[in-house]
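What follows is a short report on a single structure.
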Number of protein chains: 2
Amino acid sequence: MNGQAGQRRDTRPPSKRPYHHGNLRAELIEASFDVLAEHGLSEFSVAKAARAVGVSTASPYRHFADRDHLLAAVAAQAALELADRIGIDVASAGSDPGERFAVTAGTYVRYVADRGAGVNVIFSSPLTRLDQTELSDAGRQLISLLLDLAEHAGNAPRTQQALLLLERHIVTAHGYVTLYRDGFFASRNATVETIAERATQASRALLRGGTVAMLTPHV
Amino acid sequence: MNGQAGQRRDTRPPSKRPYHHGNLRAELIEASFDVLAEHGLSEFSVAKAARAVGVSTASPYRHFADRDHLLAAVAAQAALELADRIGIDVASAGSDPGERFAVTAGTYVRYVADRGAGVNVIFSSPLTRLDQTELSDAGRQLISLLLDLAEHAGNAPRTQQALLLLERHIVTAHGYVTLYRDGFFASRNATVETIAERATQASRALLRGGTVAMLTPHV
DNA sequence: GTCTATAAATAGATAGAC
DNA sequence: GTCTATCTATTTATAGAC
């Protein structure tokens with residue numbers, strides 16, 4: 001058994017690669033979402049994304065300067081996709097402003113569970129420092145969309161209070177999906193849907209609890 | 001200024017290591033906290049912990065079977081330390097049950113910012129699967145302590161509602177400190193203290209918002 | 001633009017000297 | 001129990017052929 005007998009097939013592990021044609025840049029971004037969804041940001045690598053597309057590990061560097069620039073493109077697209085999904089879910093949420101806001105917590109949980117990229121990627125320090133206008137613009141639009149919903153949801157549409165409400169809303173939804181992916185809810189047999197629903201209920205509770213003025217803890 | 005003058009120290013990069021004496025196991029755990037606090041779980045490595053102590057990268061394997069077993073020991077100690085800090089902060093929080101519960105959100109934020117290990121480590125899937133009784137016991141005690149505070153804080157001390165309140169509380173505190181470490185609050189000049197205070201305020205809002213029965217999402 | 005090949009880091013883990 | 005040395009694997013990134 002010195003070696004698998006009588007086969008010349010497959011003798012060249014990845015040799016004679018079939019040469020890739022097409023829009024590699026877009027395919028790498030899409031494959032990166034798959035890697036993020038399966039492995040998470042901490043185990044993301046350019047090599048994994050390249051293998052998922054079926055190209056050599058050198059090819060991505062023709063389209064992205066380095067790992068962070070690929071991630072920045074992914075993050076920008078994530079912000080756009082997330083805004084899209086929010087728009088869809090809000091449209092189905094009825095007319096109550098509080099409910100239109102709260103359901104976006106569920107949207108967020110489902111999106112991050114599905115695609116692996118949330119505000120931790122979209123607003124992560126290393127990526128923000130790249131000064132990629134595509135990413136910062138998409139991030140701003142996402143926050144603007146959510147802030148608008150928060151302003152209508154809060155009884156007092158003051159920007160300061162809406163910002164605080166939005167902060168708690170994002171933090172809670174992100175905490176839910178992050179801990180879900182880390183296995184924190186593994187004891188109870190939790191699904192993405194149940195976690196999304198619980199995040200939405202937490203957002204409703206936050207809204208009911210109201211926002212005390214931010215500037216008066218020590219003033 | 002070719003280099004700090006007059007030193008023969010450091011001439012041998014890591015050669016002739018001074019041979020370590022003492023309680024290496026405990027020192028490795030302590031060094032692991034430093035690594036977690038500085039680099040986070042995703043960049044934790046046995047090699048970094050070993051270098052922080054000043055021993056060879058092989059030495060840790062005399063005390064821990066593999067990377068996960070070292071992390072499990074760290075996680076168990078984190079649960080004990082966190083419970084200690086919670087006891088201290090609750091004792092200073094006065095007599096109002098809601099306030100005694102809410103302040104632990106700030107405790108959690110400060111602890112994870114300081115030590116780098118929170119419920120994502122203490123209850124992480126790979127570590128839970130090791131079936132280390134030291135870790136699972138410490139984790140249970142931590143939850144038990146917090147659940148007791150939640151039961152007193154909620155107007156209805158039903159266990160189901162207290163569990164839901166506690167879940168939201170942990171998720172929110174964890175979301176705050178996680179996103180803080182990821183740079184999400186970098187635009188505003190946020191400190192650990194301000195984030196801890198905001199997490200506590202969010203917990204107060206959750207408590208005010210109350211817990212609707214889990215099984216009546218549309219009632 | 002994609003390939004093959006390679007260099008330099010870093011990490012997990014083991015073997016064997018002391 | 002700690003060391004030095006080593007092996008394997010993975011990744012980032014570059015060089016040069018096609």
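Letters A, B, ... mirror the listed sequences (proteins, then strands); counts begin at 1.
- Side-chain atoms of A:T107 and A:T104 form no donor-acceptor pair, as typed in the model, at a separation below 3.5 Å.
- Residues from residues 65-74 of chain B that place a heavy atom under 4.0 Å from any atom of DNA chain D: there are none.
- Rounded to an integer number of Å, the gap from B:F64 CZ to D:dG1 C1' is 14 Å.
- A salt bridge does not link A:R129 to A:D68: none of the charged side-chain nitrogens sits closer than 4.0 Å to a carboxylate oxygen.
- The two residues A:A202 and A:T172 come nearest to each other via the heavy atoms CB-CG2, 3.7 Å.
- For the salt bridge (Lys or Arg N to Asp or Glu O under 4.0 Å) condition, the pairs that include at least one residue of residues 22-51 of chain A, sequence neighbours left out, are A:E30-A:R115.
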Exercise for the section: Go through the steps to decide whether A:Y111 and A:E81 satisfy the test side-chain contact (heavy atoms from CB on, under 4.5 Å), and finish with yes or no. Expected result: CA-CA 9 Å; A:Y111 180 77; A:E81 291 180 355; 2.6 Å; yes
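- Minimum interatomic distance between B:D89 and B:V103 (heavy atoms only, all atoms of both residues): O-CG2, 4.2 Å.
- Ring centroid separation for the pair A:H169 and A:F101 comes in under the 6.0 Å cut-off.
- Residues B:L147 and B:E151 have side chains in contact (heavy-atom distance under 4.5 Å, counting atoms from C-beta outward).
- As rounded to whole Å, 12 Å separates atom P of D:dT12 from atom CD of A:E43.
- Using a 4.0 Å cut-off on heavy atoms, the residues of residues 47-63 of chain B that approach DNA chain D are B:V55, B:S56, B:A58, B:S59, B:R62, B:H63, listed by number.
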